[in-house]
Amino acid sequence: MSTDTRIDFIREIINEDQKTSKYKGRVHTRFPPEPNGYLHIGHAKSICLNYGIAKAYGGKFNLRFDDTNPETEEQEYVDSIINDVKWLGGDFEDRLFFGSDYFEQMYQWALDLIKKGKAFVCDLNADQIRESRGTLTEPGKESPFRNRTIEENLDLFQRMRKGEFPNGSRTLRAKIDMASRNINLRDPVMYRIVHAHHHRQGDNWPIYPTYDWAHGLEDSIEGITHSICTLEFENHRPLYDWYLDALGVYHPQQIEFARLNLGYTVLSKRKLLQLVEGKHVSGWDDPRMPTVVGYRRRGYTPESIQVFCDKIGVSKKESIIDVSMLEWSIRDDLNKRAQRAMAVLKPLKVILTNYPEGKTEQLQAVNNPEDENAGTRAIPFGRELYIEQDDFREIPPPKYFRLSPGTEVRLRYAYIITCEKVIKDSAGNITELHCTYDPGTKSGSSTAGRKVKSTIHWVSAPDAVSAQVRLYDRLFLKEDPDDVDEGKDFLSNLNPNSLEVLPDCKLEPMLGNANPGDRFQFERMGYFCADTKDSKPGAPVFNRIVTLKDTWAKIEQRGKEK
RNA sequence: UGGGGUGUAGCCAAGUGGUAAGGCAUCGGCCUUUGGAGCCGACAUUCCCAGGUUCGAAUCCUGGCACCCCAGCCA
């Protein structure tokens, strides 16, 4: 995945481990999602990192569901996550695992810890545990149940497993140190009683392991060498190590890196869920969502996301990545491989008054100037055309090189035209342009010497395919959506114009046959993708993936700011 | 007021005692039948701050400051 020679701090650690043969030359990573939501671009970073490392070192990469909480997890999420990981290129081969498949082994290990006097059954309820845990500055108090005999603990824990006790009535706790400065080490809970249906285990288990207890064991069982996770688990690493050492089992190394933050969007499951449930977007796969399904539907390629993840690097510094990085990644990818096409998004009718009525021509257009092998195609041309409304100004501002009364412009792959007359309706709206064309300026003919300031795109009116096109913009108005006034939440920063639906765009004929998922560059407008849900050959619907870099828009913006 | 982390350009990010890589963004110029792409150039006398060590410090030492994480039977 990575073609870069840059070495991040994680690879440095691995290089050192390889040198000392710590894991006998093995490198084995994993991506351990909890199936309680859809994957987003932050997860993509983790997948690319873990898979990229495994691949670079000739190692292995596992997909493992960390499904230890039956109350939030669902099969629907399992399916979508598997699909997304594969789409992103994370190849776990036959290594698809579930933490819940190790429940019996974990249970046996818990029994071991009890026998070693390192775990005990505690009858305190959640509130009581919280009260006795102490605070950041004060040590906690030991549970009155801490010194039960091994026999009693064994008996009680076995009965917990049999389902004899109600939810929350008891827990199994590790016996570590209630005075530890690290709160995670103050006799943490290993098992809680939850009588709930598990998406894979059904009703087999009335007790469920906590993350800290389960995670290292899962890594150990799978022979993971480097267990890469995000920064908030740094405080948990001593506990990760303690469990594995107490058990005396194979011990992977946990390494933490800073999670991804992207400007103008949110990447927390809770907030993403809020957007969906509050109907602020059409669903998890709304093309404005930073989810993997969202980007996929928007038209992003997996390669562009891989490149993006590679470019942003890996470190322990919390940061907010500029969205222009992501946009650059998809433009760079699609520039090289997207088929070009002409599409008029906001049509303005043009009549070439000196072009013979009834005549049509087939003009040759290049499919991709960046790729000679992409070939050419024919586009019909005639007397009645559509051009972009933005490509005409009755009163042209400074530096405006496009059409205006009396000026000329080149029609891409066709002729040079001159605007002779502006037709308006009774309300004063421009409805039509009367232009003349110069038959001697056909594209490809020797028109050297004739300089035209700009070239605009067009579509033959009688041949045009009508289509809906959706223009997407950033979902939030602020780079940090959580930057809000007192009493408001991130939803108040939602961009009301993040979606603009254009109902009647005019496309060149070839576009009418687009298959769902096909990507094109609409010349001068941006990259577009035929929607995978709503588009059909014959009745296309396009999503704008990203605009082209637009120098004119910048000039105009600057003019407005003055 | 405990513990664990992090501070290099607008945003990322290399740099590991020898004189601040690279990318994105931005700004110029060239080129252009996409105001796209491409090409060329500019863009940190300085690395959170203050002292110290050294011939030499972003790198080492001391002392500050700022921000993030931790008091779920979530992950």
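Computation of the quantities below employed the complete heavy-atom set of this structure, encompassing side-chain atoms and omitting hydrogens, waters and symmetry-equivalent molecules. This one's a predicted model, so the numbers in the text were calculated from it and none came from an experiment. Chain letters run A, B, ... following the sequence lines, proteins first and then strands; every chain starts at 1.
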Item to complete: Determine whether any donor atom in the side chain of A:E232 lies under 3.5 Å from an acceptor atom in the base of B:G4, or the reverse, and answer yes or no.
Response: no
*asked:* Using a heavy-atom cut-off of 4.0 Å across all strands, would you classify A:P238 as base, sugar-phosphate, or nothing?
replied: nothing
Contacts of A:M525 and A:T137 projected onto RNA chain B by closest heavy atom; the upstream (5') one is A:T137
_Does A:R130 reach a base, just sugar-phosphate, or nothing at all? Heavy atoms under 4.0 Å._
sugar-phosphate
*Cation over ring, A:R148 on A:F120, under 6.0 Å and within 45°?*
no
Against the side chain of A:K549, the closest entry in B:A75, B:G36, B:C70 is B:G36
Assign A:L124 to base, sugar-phosphate, or nothing according to its heavy-atom contacts below 4.0 angstrom with the strands shown.
-> base
message: Measuring only the P atom in each nucleotide, how far is B:C60 from B:G17? A whole number of Å is fine.
response: 8 Å
A:I320 CD1 to B:C24 P, in whole Å, measures 21 Å
- prompt: Quick one: is B:G3 close enough that its OP1 or OP2 comes under 4.0 Å of any side-chain N or O from A:R181?
  reply: yes
Rounded to whole Å, the CD-P distance (A:E327 to B:C24) equals 14 Å
To the nearest angstrom, the CG-P distance between A:N368 and B:U34 comes to 13 Å
Between CD1 of A:I330 and P of B:G23 the distance, given in whole Å, is 21 Å
| request: With C1' as the reference atom in both, quote the distance from B:U54 to B:U62 in angstrom, rounded to an integer. | output: 16 Å
Check whether any side-chain nitrogen or oxygen of A:R412 sits under 4.0 Å from OP1 or OP2 of B:G35, and answer yes or no.
no
- prompt: Expressed as a whole number of Å, how far does the P atom of B:G15 sit from that of B:U6?
  reply: 15 Å
- Task: Take atom C1' in B:A20 and the same atom in B:G29, then report the distance between them in whole Å.
- Result: 27 Å
Comparing nearest nucleotides in RNA chain B, the 5'-proximal residue of the pair A:T135, A:W552 is A:W552
(Q) Give me the distance, rounded to whole Å, that separates B:C67 from B:C48 when you measure between the C1' atoms they each carry. (A) 11 Å
(Q) Which label fits A:H43 and A:H40: parallel for a plane angle under 30°, tilted from 30 to 60°, or perpendicular past 60°? (A) tilted
When rounded to whole Å, the CD1 to P distance for the pair A:I7 and B:A14 reads 11 Å
With a 4.0 Å cut-off on heavy atoms, is A:Q521 in touch with a base, just the backbone sugar-phosphate, or nothing at all?
base
The glycosidic conformation of B:G29, counting syn as within 90° of 0 and anti otherwise, is anti
Pairing partner of B:C39, by Watson-Crick or G-U wobble and under 3.5 Å for both distances, is B:G29
> So do the side chains of A:I81 and A:F65 get within less than 4.5 Å of each other, counting heavy atoms only?
Replying inline: yes
Here the pair of heavy atoms bringing A:E73 nearest to A:D66 is OE2-O, 3.8 Å
**OP:** Would you mind classifying the nucleic acid contact of A:T171 as base, sugar-phosphate or nothing, using non-hydrogen atoms under 4.0 angstrom?
**Re:** base
Using a cut-off of 4.0 Å on non-hydrogen atoms, how would the nucleic acid contact of A:Y413 be classed: base, sugar-phosphate, or nothing?
base
| Check: A:W458 ring centre within less than 6.0 Å of A:Y386 ring centre | no
Would one find a side-chain N or O of A:S443 under 4.0 angstrom from OP1 or OP2 of B:U33?
no
Every protein N/O within reach of nucleotides 66-68 of chain B N/O, cut-off under 3.5 Å:
from	atom 1	to	atom 2	distance (Å)
B:C68	O2'	A:E318	OE2	2.4

C1'-based separation of B:G4 from B:U53 [nearest Å]: 29 Å
Check: Quick one: is the NZ or CZ of A:K271 closer than 6.0 Å to the six-membered ring centre of A:F490, and within 45° of its axis?
Finding: yes
Separation of B:G15 atom C1' from A:K317 atom NZ, nearest Å, is 14 Å
Considering every strand and a 4.0 Å limit on heavy-atom distances, what is the contact class for A:I456: base, sugar-phosphate, or nothing? nothing
Quick one: label A:I321 by what it contacts on the DNA or RNA (base, sugar-phosphate, nothing), any heavy atom closer than 4.0 Å. sugar-phosphate
* Hey, does the side-chain of A:T455 have a donor or acceptor N/O within less than 3.5 Å of a partner on the base of B:U34? -> no
Rounded to whole Å, the CG-P distance (A:L260 to B:C11) equals 16 Å
Original post:
For the residue pair A:F308 and A:Y300, is the inter-centroid distance of their aromatic rings smaller than 6.0 Å?
Top reply: no
Sugar-phosphate, base or nothing in reach of A:H215, heavy atoms under 4.0 Å: nothing
Considering only heavy side-chain atoms of A:N235, the closest of B:G36, B:C69, B:G72 is B:C69
(Q) When you measure only distances, ignoring hydrogens and angles, does the side chain of A:N182 come within 3.5 Å of the base of B:G2 through a donor and an acceptor? (A) no
A:N335 has its side chain closest, among B:A37, B:C74, B:A13, to B:A37
* Ring centres under 6.0 angstrom apart (A:F9, A:F257) -> no
Requested in this report: Would you indicate, yes or no, if B:A75 has its OP1 or OP2 atom less than 4.0 angstrom from a side-chain nitrogen or oxygen of A:R192?
Outcome: yes
List the steps, then state whether ring pair (Phe, Tyr, Trp, His ring centres under 6.0 Å) holds for A:Y264 with A:F476. CA-CA 5 Å; A:Y264 298 96; A:F476 291 91; 9.1 Å; no
Across the strands shown, which category fits A:N36 at heavy-atom distances under 4.0 angstrom: base, sugar-phosphate, nothing?
-> nothing
Residues in residues 396-404 of chain A with a heavy atom under 4.0 Å of RNA chain B, by number, are A:K399, A:Y400, A:F401, A:R402
Original post:
When all nucleic acid strands are considered with a 4.0 Å heavy-atom cut-off, which category describes A:D66: base, sugar-phosphate, or nothing?
Top reply: sugar-phosphate
*Remember a base hit wins even if backbone is also touched, and classify A:E370 as base, sugar-phosphate or nothing at under 4.0 Å, heavy atoms.*
base
Look at all strands and tell whether A:Y208 reaches a base, only sugar-phosphate, or nothing, counting heavy atoms closer than 4.0 Å. nothing
### Query
Taking NZ, NE, NH1 and NH2 as the nitrogens, is one of them in A:R133 or A:D187 under 4.0 Å from a carboxylate oxygen of the other?
no
Q | Parallel, tilted or perpendicular: rings of A:F522 and A:F528 (30°, 60°) | A | parallel
For A:H215 and A:Y211, I'd like to know if the aromatic rings sit close, meaning centre-to-centre distance below 6.0 Å. yes
When rounded to whole Å, the OH to P distance for the pair A:Y264 and B:C12 reads 13 Å
| message | Could you check whether the side chain of A:R524 and the base of B:U34 have a donor-acceptor pair of N or O atoms closer than 3.5 Å, going by distance alone? | response | no
Of the candidates B:G35, B:A71, B:A25, the side chain of A:W328 sits closest to B:A25
When you compare B:U8 with B:U19, how far apart are their C1' atoms, in angstrom units rounded to a whole number?
16 Å
| said: So A:E12, base contact, sugar-phosphate only, or nothing? Heavy-atom distance under 4.0 Å. | reply: base
Check: Taking N and O atoms by type only, does the side chain of A:N69 place a donor or acceptor under 3.5 Å from a partner on the base of B:C74?
Finding: no
### Task
Decide if the gap between the ring center of A:Y400 and the ring center of A:W552 is smaller than 6.0 angstrom.
yes
query: How far, in whole Å, is B:A71 from B:G51 if one measures between their P atoms?
result: 39 Å
**Q.** N-O pairing of A:K453 and A:E408 below 4.0 Å
**A.** no
